[in-house]
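So the structure is just underneath, and the comments pick up after that.
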Amino acid sequence: WQAFVFDILSFLEILPFLFIPFLMIYFVSGTMKSSYRAYGAGGSVVIILYALLVKYFATARVPLAADLFGYSMKDIEITIRSSASMDAFSIFLFIIPLTLFWASLAFLRPRKWLKPAYALVILGAGTALICTVPALPSATSFETEFSYNLALNKMTFFAGESYAYLALSAKEDVHAMIPHNDGSPGRAPVFQYISPEYPFLRTDETPDVLGEFFNVSADRPPNIVFILVEGLGKAFSGPNAYLGSFTPFLDDLAGKSLYWENFLASQGRTFAALPSILASLPFADKGFNDLGQRMPKHLSLMSILKHSGYRTRYYSGSDLDFDNERSFLKQQGVDVLIGVDDYGHNYVKSPDTSWGYPDRELMRKALEMDHHDSQQPYISFVQTISMHTSYSIPDQGKYIRLFEERMDRLGFDETQKEHHSTYKEIYSTIMYTDEALRFFFEEYAKLPAYGNTLFIITGDHRLPEIPLSTKIDRFHVPLIIFSPMLRRTAHIESISSHLDITPSLLAFLKKNYNIDVPSTVSWVGSGLDTDPSFRNIHQYPLKHTKNNLIDYISGMYFIDQDTLFSIGKYMDLEPIQDDGKRNEMIVEFNRYKSMNDRLISE
């Protein structure tokens with residue numbers, strides 16, 4: 001009902017814009033027939049665009065926003081190929097509205113009882129609505145993020161977000177006059193910034209919080225293996241997963257590890273994952289990777305460890321140029337880059353080959369490469385892809401059955417089973433990737449280097465195709481640090497993020513292995529918090545999409561655009577009215593934006 005109301009509002013608000021070409025053509029041609037054709041053509045374009053946006057939402061479960069402008073044509077083409085489908089729904093989505101529209105025009109045009117006054121009343125109503133009534137609902141009036149996304153008109157949302165982005169892009173130095181944080185207690189982290197010429201450069205005072213958990217032998221520094229799991233959200237993985245956990249292997253591994261339950265990805269899509277995890281870098285405009293050849297020289301975990309004698313490797317089953325990842329990795333001087341073009345004939349691509357090789361094949365490739373290099377410490381980064389649209393995996397029927405068996409083990413009732421089965425293809429890919437990780441760890445345990453290796457597993461963001469519950473749900477991912485070197489395990493409820501990983505790893509390696517780490521850095525994060533209690537000592541931005549920097553977390557508060565939320569247990573959000581705290585958060589957020597704008601412009 002709410003969606004219908006907002007669709008009517010949107011329709012009325014579109015009419016004044018369609019009236020302009022209608023009127024122009026009428027005056028040029030002098031005939032009403034030409035004007036009706038012009039209106040029909042304009043209306044058809046609107047219907048087709050709206051149908052495309054609905055189709056996108058039906059696939060992605062989130063409305064398309066201005067992030068479309070942040071991707072290259074090649075990236076857009078790859079994404080469309082991987083997720084596009086032509087089924088009965090898609091056909092009727094376009095044909096039925098267009099048929100009804102033209103049939104209505106044909107019926108109404110010759111009717112003598114249709115007076116211009118009627119049209120002027122409707123046109124006036126649309127014009128008045130544009131000036132007085134917002135076409136989008138208030139997000140705080142909905143119980144979940146998904147119900148809000150479902151109700152809003154997709155075209156009005158896309159138009160509004162696009163206008164806001166293009167208008168902002170046209171401005172110069174939009175934050176130049178924003179007041180800076182005064183460093184008062186409870187505000188942004190008190191970093192010792194060195195020079196206004198380099199806005200993020202500061203002294204590194206990150207404490208070693210990891211050393212107490214490990215048996216350290218100074219003879220040889222540890223190998224480090226990252227596994228970045230596409231779409232891995234806390235909503236369906238680990239203890240307290242509100243959708244139930246569908247990652248039994250990762251759950252078992254988490255119990256033998258350091259496990260952060262309330263961990264945050266720094267971005268809502270993959271574009272900023274590598275810069276955030278490996279270098280705690282600012283976002284720049286559309287993500288640090290998007291700077292391409294304009295990337296300023298910078299330090300990262302990989303470049304620093306390579307300087308200290310580490311071999312560096314990166315593994316992916318997909319195109320390395322997507323999100324400009326190849327350009328970023330080359331900046332780090334990575335020794336081995338494995339992408340979709342680097343697999344032999346004994347590897348089999350995904351059933352839908354748009355993205356490349358499925359996760360088990362990726363794990364085989366990483367095992368093959370790491371097996372041959374045990375004489376020198378190394379850092380390997382494995383980035384998965386199978387938990388991504390179009391959610392097509394080898395032997396999918398097997399993993400759908402495993403998903404159904406998992407629901408039984410979780411004790412789901414029939415209502416829960418029916419709801420989850422709506423997304424059975426997605427859940428089957430989660431089960432598949434979890435099994436691929438089980439295979440990887442079982443095989444890695446046979447390698448000589450296993451006993452001296454740290455494994456770090458997290459998600460790049462939470463996949464949105466299973467509906468989101470809150471504004472922060474998209475960022476809520478687990479973090480697992482596992483190693484045979486662990487002295488003790490820990491279940492950690494305090495909040496940290498991707499931006500904290502590199503500072504803490506380097507602090508650990510510096511103190512326990514004398515790794516040469518610079519005294520000045522440009523980390524945005526301040527290091528992992530290992531306190532077991534539920535708290536947050538951090539402040540940082542979270543970038544929802546490439547073109548959308550509207551989210552910020554500080555202490556136990558979260559701000560999305562102009563709405564302030566308090567953060568509750570399990571990362572639940574509650575909208576609150578507190579102008580003092582809201583203004584304090586905005587000052588902190590604007591301070592980061594001002595520094596980030598300086599990076600972009602200078």
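Computed over heavy atoms, backbone and side chain alike; hydrogens, waters and symmetry mates excluded.
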Verify the neighbour count for atom OH of Y343: are there more than 12 heavy atoms of other residues, nucleotides or ligands below 6.0 Å? yes

Are T270 and E325 packed together at the side-chain level, in the sense that at least one heavy-atom pair is separated by less than 4.5 angstrom? yes

Roughly how far, to the nearest 0.5 Å, is the CG atom of D359 from the OG1 atom of T429? 8.5 Å

T384 side chain to E230 main-chain N or O, any donor-acceptor pair under 3.5 Å? yes

For the residue pair Y399 / E435, report whether a side-chain donor-acceptor contact shorter than 3.5 Å exists. no

Between the side chains of T458 and W260, does any donor sit under 3.5 Å from an acceptor? no

Once the angle between the rings of F236 and Y427 is folded into 0 to 90°, is it parallel (under 30°), tilted (30 to 60°) or perpendicular (over 60°)? perpendicular

Side chain to side chain contact (heavy atoms under 4.5 Å, CB included) between F403 and I430, worked out: CA-CA 9 Å; F403 153 66; I430 298 170; over 6 Å; no

How long is the span from the OG atom in S469 to the CG atom in L573, to the nearest 0.5 Å? 8.0 Å

Do V348 and P394 have side chains that get closer than 4.5 Å, going by heavy atoms? no

Does the E361 side chain pair with the main chain of P358, one donor and one acceptor, at a distance under 3.5 Å? no

Can you say whether the rings of Y444 and Y450 are parallel (under 30°), tilted (30 to 60°) or perpendicular (over 60°)? tilted

Would you say H538's side chain and G527's backbone share a donor-acceptor pair under 3.5 angstrom? yes

Could you pull out the closest heavy-atom pair between S392 and P351, with the gap in Å? OG-CB, 3.4 Å

Considering all heavy atoms, the nearest F440-M363 contact: CD1-SD, 3.6 Å

Side chains of Y314 and L274 in contact at under 4.5 Å (non-hydrogen atoms): yes

A side-chain contact here means heavy atoms from C-beta on lying under 4.5 Å apart; do L564 and I576 qualify? yes

Please check if any side-chain donor atom of Y242 sits under 3.5 Å from a side-chain acceptor atom of D473, or the reverse. yes

Indicate yes or no: at least one non-hydrogen side-chain atom of I472 is less than 4.5 angstrom from one of L264. yes

Apply the test side chain to side chain contact (heavy atoms under 4.5 Å, CB included) to residues F263 and I492: give CA-CA distance (whole Å), side-chain angles for both, the deciding distance (0.1 Å), then the verdict. CA-CA 9 Å; F263 198 70; I492 298 163; over 6 Å; no

Residues G43 and F101: closest non-hydrogen pair is CA-CZ, 3.7 Å

Whether the side chain of S421 engages the backbone of E418 through a donor-acceptor N/O pair (distance < 3.5 Å, no angle test) should be reported. no

Sidechain-backbone polar pair: S504 side chain, L528 backbone, donor-acceptor under 3.5 Å: yes

Under the criterion side chain to side chain contact (heavy atoms under 4.5 Å, CB included), I'd like the reasoning laid out for V229 against L437: C-alpha separation, chi angles, the key distance, then a yes or no. CA-CA 10 Å; V229 182; L437 290 169; 4.2 Å; yes

Do the side chains of R364 and F439 get nearer than 4.5 Å, heavy atoms only? yes

Could you state the interatomic distance from CZ (R535) to CE (M556), rounded to the nearest 0.5 Å? 10.5 Å

Worked verdict on F441 versus F249 for ring pair (Phe, Tyr, Trp, His ring centres under 6.0 Å): CA-CA 10 Å; F441 276 89; F249 170 72; 5.7 Å; yes

Are the side chains of T470 and F565 in contact, using a 4.5 Å heavy-atom criterion? no

Between S483 and T453, is there a donor-acceptor pair closer than 3.5 Å when you use the side chain of the first and the backbone of the second? yes

Give, for atom CZ of R360 and atom OG of S386, the distance between the pair rounded to the nearest 0.5 Å. 12.0 Å

Trace of the side chain to side chain contact (heavy atoms under 4.5 Å, CB included) decision for L243 with Y423: CA-CA 12 Å; L243 293 173; Y423 312 101; over 6 Å; no

Would you check, one step at a time, whether the test salt bridge (charged side-chain N to carboxylate O under 4.0 Å, His left out) holds for R406 with D251? CA-CA 13 Å; R406 183 67 179 171; D251 295 355; 3.6 Å; yes

Any side-chain heavy-atom pair of L232 and L250 under 4.5 Å: yes

Looking only at side chains, do S318 and S316 share a donor and an acceptor under 3.5 Å apart? yes

Tell me yes or no: between the side chains of S494 and D531, is some donor less than 3.5 Å from an acceptor? no

Salt-bridge contact K569-E493 (side-chain N to carboxylate O under 4.0 Å): yes

Where is the tightest heavy-atom contact between H476 and M571, given as atom of each residue plus distance? CE1-CG, 3.4 Å

Flag, side chain of N262 to backbone of S496, donor-acceptor distance under 3.5 Å: no

Identified side chain to side chain donor-acceptor pair (under 3.5 Å) counterpart of S554 within the set E584, K581, E588: E588

Between CZ on residue F226 and CD1 on residue I481, distance to nearest 0.5 Å: 8.0 Å

On a heavy-atom basis, the closest approach of H544 and F271 is O-CE2, 4.5 Å

Can you tell me how the ring of H491 sits relative to the ring of Y259, calling it parallel under 30°, perpendicular over 60° and tilted otherwise? tilted

Distance in Å, I224 CD1 paired with F455 CZ, rounded so as to fall on 0.5 Å steps: 11.5 Å

Yes or no on salt bridge (charged side-chain N to carboxylate O under 4.0 Å, His left out) for K546 and D323, after CA distance, side-chain angles and deciding distance? CA-CA 10 Å; K546 279 190 174 185; D323 278 332; 3.4 Å; yes

Considering non-hydrogen atoms only, spot the tightest contact between G339 and L320 and give its length. CA-CG, 3.7 Å

Side-chain donor or acceptor of K234 paired with backbone N/O of S237 under 3.5 Å: yes

Main-chain N/O of D562 paired with R582 side-chain donor or acceptor, under 3.5 Å: yes

